[in-house]
Amino acid sequence: MAETPPDVPLRRAVAVPDPARPHHRLPRALARMNVHVPIRPLWVCAGCGAPWPCETRRHQLGAEFDGTPVSLGLLMGGYFVDCCADLPNRAVGELYGRFLGWLTQQPAPYEDQEP
């Protein structure tokens, strides 16, 4: 295989669902991509339009960082700092509650589970 010359930009192919084949499955890596990511500099959720982190993303992060609350706190603290820089006219207390305030709250149990 020939090497790409350094002045030619590389492109990655992205699988796009074909409307003619509605049951066509996306590759596993794309199927697992998270759509609840922040749109910066507005910090709204790309998946649902709610202020980021939305409720869905909070649950995902809680499950992903289960048992490592310090790591989750550090990650969310970094997002908090970035958001404060992007939204300088917003109240810091509001942003703090959005990014860090929910970390100490216990999630509501699912209806199927016992408390």
Side-chain angles (χ1 to χ4, degrees):
M1 184 171 177
E3 291 185 30
T4 305
D7 59 339
V8 176
L10 297 177
R11 295 183 186 177
R12 291 183 177 247
V14 177
V16 178
D18 184 2
R21 298 171 54 199
H23 299 292
H24 175 72
R25 294 185 62 183
L26 291 174
R28 181 173 290 186
L30 290 176
R32 291 186 298 181
M33 286 178 58
N34 188 357
V35 296
H36 293 275
V37 294
I39 298 175
R40 293 181 66 180
L42 300 176
W43 289 90
V44 294
C45 180
C48 62
W52 196 89
C54 63
E55 196 66 32
T56 301
R57 187 62 182 143
R58 289 179 185 184
H59 284 289
Q60 291 172 345
L61 287 167
E64 184 179 341
F65 287 88
D66 187 33
T68 56
V70 174
S71 297
L72 178 57
L74 289 170
L75 176 71
M76 295 310 296
Y79 285 135
F80 170 67
V81 170
D82 290 345
C83 185
C84 287
D86 287 343
L87 302 173
N89 296 330
R90 280 287 184 72
V92 175
E94 174 196 341
L95 296 178
Y96 177 86
R98 226 168 99 179
F99 287 88
L100 298 166
W102 64 274
L103 296 176
T104 58
Q105 298 173 354
Q106 293 294 325
Y110 291 107
E111 294 176 11
D112 307 8
Q113 297 176 342
E114 295 180 20

Flag side-chain contact, heavy atom, 4.5 Å: [X] against [Y]:
X: E55; Y: H36; answer: no
X: P53; Y: Y79; answer: no
X: F65; Y: L103; answer: no
X: C45; Y: R57; answer: no

How many angstroms lie between OG in S71 and CE in M76, if you round to the nearest 0.5 Å?
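Atom-to-atom, S71:OG and M76:CE are 13.5 Å apart.
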Which distance, rounded to the nearest 0.5 Å, do you find between the CG of L61 and the OG1 of T56?
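One finds 11.0 Å between CG of L61 and OG1 of T56.
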Are V92 and W102 connected into the same hydrophobic cluster when the rule is that any two of I, L, V, M, F, W, Y join if their side-chain heavy atoms are below 4.5 Å apart?
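In one cluster: yes.
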Can you give me the closest heavy-atom contact between L87 and L95, atom names plus distance?
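Distance-wise, the nearest heavy atoms are O-CD1, 4.3 Å.
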Are any side-chain N or O atoms of W52 and backbone N or O atoms of I39, one a donor and one an acceptor, separated by less than 3.5 Å?
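Here the side-chain-to-backbone pair does not exist.
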What is the ring orientation for F99 with F80, classed by angle as parallel under 30°, tilted 30 to 60°, or perpendicular over 60°?
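Ring orientation, 0 to 90° scale: tilted.
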Side chain to side chain contact (heavy atoms under 4.5 Å, CB included), that's the test. Do W43 and R90 meet it? Break it down for me.
CA-CA 12 Å; W43 289 90; R90 280 287 184 72; over 6 Å; no
